[in-house]
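Here's the structure we're looking at; comments come further down.
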Amino acid sequence: GAACLTGGSTSGGDTTGTTTTTTPTTTGASETTGAPFDPSITLRISTMAFVDPHLFITEEGMDTDTDTGTGGAGASCVNDVTMLVNGLLNSEITDGKFNLLLRFEDFAEVDEVRLLDAACEPPAMAGAQWICTPGTAPTVNLTTQIVAEPGCRNLEPDVYRPVNLPMINDPTPPCMRTTRGSITWPVSGLVGSLDLREAQVVAMLDDAVAPSKLIDGVVYGFLPMSVAQNLQIDAPLFGLVDLWSVIDAPACTTTYPDYLPNVDMMKINGIEVQGAWLAINFTAEQVEYRPKG
């Protein structure tokens, strides 16, 4: 008060005539531990599954022009292997062989999510978080927004098979949604990365302020045939087959008429390009993120 400013004393004791006033400052530290507050949230893909299109294995017929067993008119349909492939994908995730992280550097100011590969260790105790360290592959940065109104998913239903459409996740608010555009989405060491056009990633947040899970997630977009032909799947009993051969399977049209054909067209850079629209469901759970160094 005034007595301090004039060198006086409100308690009758001696003073030096000097008073220091300290204003508390905000450092971002935790009030309970004193540790710096970390605004980031990192989640690891915990499940993933192809929903549309379905994937098929065919036995190729004899090509009469080359006398080889490729591209012949007598190709026969073997089976729908979608569930098999999805099982292999999720085994890699469960075993820690495939680790895809979605990282928000500052969730309170959500405007970007980063996709990055990682080396992850399972928790020592049930229910605890996985521990992940970022890998060396380039990070994919996606512009993101939080959606509070219904209609998080923004896909075109007509480009998907009607029998599969009800199975594609349709997250409800609050949810995260990336801007529509080109997205490189890794699909484990089993397949590689899908370079999708007109793609989006959408998922429901279990908590709008501090999410620990992504629920009913879905990534959808157009996969050009040229990209799919360069991706290999190690199919049990059949060896390596390219992804396009299990998407475009005319030999299975009669056996699976509700699921085929899967071929679509899109104009890219003014040129009509053959490909297929994909929809992949996923979920994710928060991990303990440990930066290198």
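Note that these values count all heavy atoms, side chains included, but never hydrogens, waters or copies made by symmetry. The first residue in the sequence is number 1, and the count goes up from there.
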Verify, without hydrogens or angle tests, whether Asp206 (side chain) and Pro211 (backbone) share a donor-acceptor contact under 3.5 angstrom.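 Looks like no, no N/O pair under 3.5 Å.
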Got a donor-acceptor contact below 3.5 angstrom from the Asn262 side chain to the Pro53 backbone? no
Looking only at the side chains, is there a donor atom on one of [X] and [Y] sitting less than 3.5 Å from an acceptor on the other?
| X | Y | answer |
| --- | --- | --- |
| Arg177 | Asn154 | no |
| Ser40 | Glu105 | no |
| Asp111 | Thr144 | no |
| Thr47 | Asn90 | no |
| Thr184 | Ser193 | no |

Cation-pi check, Arg103 onto Tyr289 ring (under 6.0 Å, within 45° of axis):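 That pair qualifies as a cation-pi contact.
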Using a 6.0 Å cut-off, check whether atom [atom1] of [X] has over 12 heavy atoms from anything other than its own residue.
| X | atom1 | result |
| --- | --- | --- |
| Met83 | CE | no |
| Glu121 | CD | no |
| Glu156 | CD | no |
| Arg161 | CZ | yes |

Would you say that Gln145 contacts Met176 through its side chain, given a criterion of any heavy-atom pair below 4.5 Å between the two side chains? no
If you define the side chain from C-beta out and look only at heavy atoms, does anything of Val187 sit under 4.5 Å from Met48?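 When only atoms from C-beta onward are counted, Met48 and Val187 do touch, with a gap below 4.5 Å.
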Rounded distance [0.5 Å steps], CD1 in Ile146 versus SG in Cys175: 7.5 Å
Result of checking Val246, Val85, Ile233 against Ile57 for side chain to side chain contact (heavy atoms under 4.5 Å, CB included):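 Exactly one pass, corresponding to Val246.
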Parallel, tilted or perpendicular: which fits the ring planes of Phe222 and Trp277, with parallel below 30° and perpendicular above 60°?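 If you compare the ring of Phe222 with that of Trp277, the planes turn out perpendicular.
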Looking at the rings of Trp185 and Phe282, which for Trp means the six-membered one, are their centres under 6.0 Å apart? yes
